Engineer: 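Once you've had a glance at the structure underneath, I'll fire off some questions.
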Amino acid sequence: MRVDIQPEFVIAEYRKLYPQLSPSDLFFKITTASRSWRGAIIEAEERAKSGFPAYAYQLDWASPKEGGKFGAPHASDIQLVFDNIQKPGATAIGPQAQKMADIMSETFIAFARTGNPNNKLIPLWKPYTLPRRETMVFDVPPHNEDDPRGAERRIFAAVPYVQAGT
């Protein structure tokens with residue numbers, strides 16, 4: 001942890017939130033949330049404060065690659081958005097991969113064309129605002145959630161955010 005927080009406290013809080021996770025899955029969930037995911041949340045909050053529409057998403061669709069042990073692997077959203085799931089080495093594979101690629105690519109095309117991501121393949125996606133933190137959760141099917149992983153966000157919100165090298 002690169003922040004002023006006791007790892008024992010974080011582990012205990014995460015154990016309450018996710019009692020079914022193995023120690024290694026818990027480790028990866030905590031380190032991701034405290035490091036990279038936290039920066040994305042801060043950016044979404046700042047964009048929401050700007051007064052211009054900001055849209056936040058979370059990829060929950062889990063690839064079955066290697067037995068699904070990685071869930072939604074890092075950067076698999078890029079493969080889905082650009083519909084590159086047939087490329088060698090793709091992590092977005094399996095029977096629902098093309099459906100997820102269709103949903104995400106259509107959504108990003110709509111956003112690129114109009115500045116609004118809404119299209120016929122997703123439910124109405126509202127801009128991210130505070131305090132609701134509206135988020136499109138990409139899965140099959142996609143759905144909206146207010147402040148997904150809010151309990152995780154609150155654990156780390158009380159300490160300074162530091163990510164060296166960015």
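Along the sequence shown, the residues carry numbers beginning at 1. This is a predicted model, so every value here is computed, not measured.
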Engineer: Quick one: does any side-chain atom of Ser63 pair with a main-chain N or O of Thr91 as donor and acceptor, under 3.5 Å?
Structural biologist: yes

Engineer: So how far is it from Asn119 CG to Ser105 OG, rounded to the nearest 0.5 Å?
Structural biologist: 9.0 Å

Engineer: In this structure, would Trp37 and Tyr161 fall into the same cluster of hydrophobic residues linked by side-chain contacts under 4.5 Å?
Structural biologist: no

Engineer: Which pair of heavy atoms, one from Pro117 and one from Ala110, lies closest together, and at what distance?
Structural biologist: O-CB, 3.8 Å

Engineer: What is the distance from atom NZ of Lys69 to atom CZ of Phe28, rounded to the nearest 0.5 Å?
Structural biologist: 9.5 Å

Engineer: According to a hydrophobic-cluster definition based on side-chain heavy atoms being under 4.5 Å apart (Ile, Leu, Val, Met, Phe, Trp, Tyr only), do Val137 and Tyr128 belong together?
Structural biologist: no

Engineer: Are Ile30 and Leu17 linked, directly or through intermediate hydrophobic residues, by side-chain heavy-atom contacts shorter than 4.5 Å (ILVMFWY only)?
Structural biologist: yes

Engineer: How many angstroms lie between CD in Glu46 and CD1 in Ile41, if you round to the nearest 0.5 Å?
Structural biologist: 12.5 Å

Engineer: Kindly indicate whether the side chain of Val159, heavy atoms from C-beta on, has any atom under 4.5 Å from the side chain of Arg38.
Structural biologist: yes

Engineer: When rounded to the nearest 0.5 angstrom, what is the spacing between CZ in Arg133 and CZ in Arg153?
Structural biologist: 3.5 Å

Engineer: How many angstroms lie between atom CD of Gln96 and atom CG of Asp139, to the nearest 0.5 angstrom?
Structural biologist: 7.5 Å

Engineer: Is the closest side-chain heavy-atom distance between Thr32 and Glu152 below 4.5 Å?
Structural biologist: no

Engineer: Determine which pairs satisfy salt bridge (Lys or Arg N to Asp or Glu O under 4.0 Å) with at least one residue from residues 85-110, sequence neighbours left out, and list them in order.
Structural biologist: none

Engineer: Would you name the heavy atoms of Leu21 and Arg15 that are closest together and state the gap between them?
Structural biologist: O-NH1, 3.0 Å

Engineer: Using the rule given for salt bridge (Lys or Arg N to Asp or Glu O under 4.0 Å), can you reason through Asp60 versus Arg149, listing the C-alpha separation, both sets of side-chain angles and the distance that settles it, and then say yes or no?
Structural biologist: CA-CA 12 Å; Asp60 278 6; Arg149 297 171 59 193; over 6 Å; no

Engineer: Between Arg47 and Glu43, does at least one N-O distance fall below 4.0 Å, as a salt bridge requires?
Structural biologist: yes

Engineer: Please write out which residues are connected to Leu121 in a hydrophobic cluster, directly or through intermediates, given that two of Ile, Leu, Val, Met, Phe, Trp, Tyr count as joined at side-chain heavy-atom separations below 4.5 angstrom.
Structural biologist: Tyr55, Tyr57, Leu59, Trp61, Ile78, Leu80, Val81, Phe82, Ile85, Met100, Ile103, Met104, Phe108, Phe111, Ile122, Trp125, Met136, Phe138, Val140

Engineer: If every non-hydrogen atom of Ala92 is compared with every non-hydrogen atom of Gln79, which pair is closest and at what distance?
Structural biologist: N-OE1, 3.0 Å

Engineer: I need the minimum non-hydrogen distance between Lys65 and Ala90, along with the two atoms involved.
Structural biologist: NZ-O, 3.2 Å

Engineer: Kindly indicate whether a cation-pi arrangement holds for Lys29 with Tyr14, taking the cut-offs as under 6.0 Å to the six-membered ring centre and within 45° of the axis.
Structural biologist: no

Engineer: Can you tell me if Asn144 uses its side chain to pair, donor with acceptor, with the backbone of Leu124 under 3.5 Å?
Structural biologist: yes

Engineer: Could you pull out all residues at least two apart from Ser22 that satisfy side chain to side chain donor-acceptor pair (under 3.5 Å)?
Structural biologist: Ser24, Asp25

Engineer: For Phe156 and Glu13: C-alpha separation, side-chain torsions, deciding distance, then whether side-chain contact (heavy atoms from CB on, under 4.5 Å) applies.
Structural biologist: CA-CA 11 Å; Phe156 293 106; Glu13 292 299 305; over 6 Å; no

Engineer: Compare every heavy atom of Ala48 with every heavy atom of Ala54, then report the nearest pair and how far apart it is.
Structural biologist: CB-N, 4.2 Å

Engineer: One thing to verify: whether Lys126 and Asp146 come together as a salt bridge, which I'm taking to mean a side-chain N less than 4.0 angstrom from a carboxylate O.
Structural biologist: no

Engineer: What do you reckon, is NE2 of His143 surrounded by more than 12 foreign heavy atoms closer than 6.0 Å?
Structural biologist: yes

Engineer: Quick one: CD on Glu45 to OG1 on Thr129, what's the gap to the nearest 0.5 Å?
Structural biologist: 11.5 Å

